[in-house]
Number of protein chains: 2
Amino acid sequence: MEDLWEGVESEAARRLLRAAVELLAARGYGGASTREIAERAGLSPAAMYVHFPTKAELLYTIIHTVHVTAHAAVVAGGSARGGVRDSPAAMVRGMVYALAAFHSRHQLAARVTQNELAALPPAQWATIRGMRDATEGLILAEVARGAAGGEFDVADLTGTSRAIVSMCVDVARWYHPEGPRTPDEVGALYAHLAARMLGVKP
Amino acid sequence: MEDLWEGVESEAARRLLRAAVELLAARGYGGASTREIAERAGLSPAAMYVHFPTKAELLYTIIHTVHVTAHAAVVAGGSARGGVRDSPAAMVRGMVYALAAFHSRHQLAARVTQNELAALPPAQWATIRGMRDATEGLILAEVARGAAGGEFDVADLTGTSRAIVSMCVDVARWYHPEGPRTPDEVGALYAHLAARMLGVKP
DNA sequence: CGCGAAGATAAGCGTCCGCTTAGTATGTAA
DNA sequence: TTACATACTAAGCGGACGCTTATCTTCGCG
C-alpha cells in the first residue's frame, strides 16, 4: 500500500515504472517518449525493452496495478472490524475512506490510469472494466443493503453510488501532496460526505 | 450552450475544433496528429494552419472555450429567478445543476480539457486557473453564506466545496450520451446530492 | 475586366518516435 | 573451462510527426 511497486521483482523495472508514472502524468502517453522514461530511470533507451515488451505494456502494468491495489484497499476498508457484520453505513464509510485515501496517496499513478484508460486495446479494456465494475459493485451492494433496510434514504441507487465512486476517483485529479490535507484527512471528509449523500439516519 | 462552437466565425475552424475534440478525447494530445484532425475535418493537412497557428493553440482554444462556457453556465444557473435574492440552498442547487449538466452535455470537450490541462504553458495555465478559481469561488461563496446563516451544516467549507465541484467535473469522465440519463437528469441528481452534502436544513 | 486578399493544397524539411539489432559485461553452474 | 542466461548498451532503421513553402483557386469589389 505504501509503495505501489514493491511487488515488482526487478529494481530496474521499478525505476522504469516510477519514471513512467511521473512522465506520463506530466506529458501524457503520446507525449512521453521511451527515451525520456529510460533516461529518468537511469538506463539506456533500449534497456526498457528488457523489462517490458512495448511501451503499451509498460502503461498497462501501471493501470493494472492501480486497479488491483485500489480494489484491495476498498475490500480492506469494508471488512468488518467490530461485530459479526458491520452496518451498511459503517461499511460504506470504510470503503469510501479507503478509496479516497488511495487516490490521494497514489495520485500520480491514479491520474495516469484515468487519463489513459480510453486508449487501451479492447481485450485489456475489458479486463480493467471488470475490475472497475467489481469495485463499484462493492459499494453499490452496501448502498442497496442500507436502502433496503431503511438505514439510508436513497432514490437513485446506481446514480448515487456512481457519484460517490466518481467523487473519490477524481481526488487524483486535484490532490497535491504539498496541499493542506493528508490522504487520511481526505478519506475522513469523503466518508462523511458519502454518508450525507446517502441520507444515513441517526 | 447547445453548440460550443457557434461563436466561432469560420465554418472550417468549427469543423477542425469538432474533429480535434473527438480525436483528442480518443487518443490524447500527443496521440492525435494534425494530419488526422485535418482529414476528419475534410481538409488537407496544411489547412489547419490557416485557422490555428499551432496544434497547441488549437488545444488552447478548446480548453479556453470550455472554461468560458462552463463559467457562464454556473453564473446563469445561480442567478436569482424568484425573489430579490435566492437562498444559498437555491443558489447552490442551481449552480450545481448547471455545472453537472454542462459536463454531461459537453462531455468530450470537457474530458479533453481536464486531461490536457497539465500540459499548458505557464502563462495559459495561469489564465485558465484563474477561471477555474472564479467558478469554484462562486459555489464556495454560497456555501460560506449558507453556513454563516445557519442554513447549512458544514465543518470544512473549502473541502466540501471542492468535493462538490470535483464531483460535477468528473461527470465528463464517465458520462455517455447513449447511457440511461439525460444531462438534465444528472443535473437534478447532483443538485440533490450537493444539498445533502451541505446538510441543508428543511 | 483586373486585382488583391483569403482559403486551400501538394510537396517536403528536419526531427523525433517506437523498436530492433548486434554485441558486451556479469553471474551461475555443470 | 565451457556453456548459457540475464541485463545492458551503441547504433540505427523506417516511419510519422509538426510545421513551412510555393503555388493555385476563389471571390468580393473597383
Side-chain angles (χ1 to χ4, degrees), chain A residues 5-64 112 115-121 123-124, chain B residues 5-64 112 115-121 123-124:
Chain A
W5 313 117
E6 60 188 18
V8 176
E9 59 299 339
S10 153
E11 157 68 20
R14 280 197 298 272
R15 273 187 284 127
L16 282 164
L17 287 161
R18 272 190 275 265
V21 164
E22 291 170 15
L23 284 164
L24 295 187
R27 306 198 217 296
Y29 180 77
S33 73
T34 58
R35 285 165 172 83
E36 210 175 359
I37 293 169
E39 183 184 29
R40 180 171 294 224
L43 295 170
S44 75
M48 192 199 87
Y49 293 91
V50 173
H51 302 280
F52 300 94
T54 63
K55 185 188 179 189
E57 275 296 321
L58 175 60
L59 171 66
Y60 184 67
T61 300
I62 294 169
I63 292 178
H64 188 262
V112 167
N115 280 357
E116 311 298 347
L117 261 191
L120 288 181
Q124 292 184 338
Chain B
W5 313 117
E6 61 188 16
V8 176
E9 60 300 339
S10 155
E11 157 68 17
R14 281 198 298 272
R15 273 187 284 127
L16 281 164
L17 287 161
R18 273 189 274 265
V21 164
E22 292 170 16
L23 283 165
L24 295 188
R27 307 198 216 297
Y29 180 76
S33 73
T34 58
R35 285 165 172 83
E36 209 175 0
I37 292 169
E39 183 183 30
R40 180 173 293 224
L43 296 170
S44 75
M48 192 200 86
Y49 292 91
V50 173
H51 302 280
F52 301 93
T54 62
K55 185 188 179 190
E57 275 298 320
L58 175 60
L59 171 66
Y60 184 67
T61 301
I62 294 169
I63 292 179
H64 189 262
V112 167
N115 280 356
E116 313 297 347
L117 262 192
L120 287 181
Q124 293 184 339

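We name chains A, B, ... by the order of the sequence lines, and we start the count at 1 in each one.
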For the pair made of CZ in Arg15(A) and P in dA7(D), what is the distance, rounded to whole Å?
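Those two atoms, CZ and P, are 12 Å apart.
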
With [X], which residues qualify under side chain to side chain contact (heavy atoms under 4.5 Å, CB included), at least two apart?
X	value
Ala46(B)	Ser44(B)
Arg18(A)	Asp3(A), Trp5(A), Arg14(A)
Ala119(A)	none
Tyr49(A)	Thr34(A)

Working note: Glu39(B) + Arg35(B), criterion salt bridge (charged side-chain N to carboxylate O under 4.0 Å, His left out); need CA distance, chi angles, decisive distance, verdict.
CA-CA 6 Å; Glu39(B) 183 183 30; Arg35(B) 285 165 172 83; over 6 Å; no

Can you build the contact string for nucleotides 17-24 of chain D? Use B for base contact, S for sugar-phosphate-only contact, and - for no protein heavy atom under 4.0 Å.
BBBB----

Side chains of Leu59(A) and Val112(A): does their closest heavy-atom pair fall under 4.5 Å?
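Yes, at least one pair of side-chain atoms sits under 4.5 Å.
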
Residues in side chain to side chain donor-acceptor pair (under 3.5 Å) contact with Glu36(B), at least two apart in sequence or another chain
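Here the qualifying residues are Arg27(B).
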
Residues forming a side chain to side chain donor-acceptor pair (under 3.5 Å) with Gln124(B), sequence neighbours excluded
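Scan of Gln124(B) (side chain to side chain donor-acceptor pair (under 3.5 Å), adjacent residues dropped) gives Glu57(B).
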
Set of salt bridge (Lys or Arg N to Asp or Glu O under 4.0 Å) partners for Arg40(B), sequence neighbours left out
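Partners of Arg40(B) by the salt bridge (Lys or Arg N to Asp or Glu O under 4.0 Å) criterion, ordered by chain and then number, come out as Glu22(B).
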
Positions of residues 16-25 of chain A (non-hydrogen atom under 4.0 Å from DNA chain D), listed by number
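DNA chain D contact set from residues 16-25 of chain A: none.
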
Along DNA chain C, 5' to 3', what are the outermost nucleotides having an atom less than 4.0 Å from a heavy atom of chain A?
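Reading along DNA chain C, I get dC17(C) to dT20(C).
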
Residues which pass ring-ring contact (aromatic ring centres under 6.0 Å, His included) with His64(B), listed by chain and number, not counting sequence neighbours:
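Listed in chain order: Tyr60(B).
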
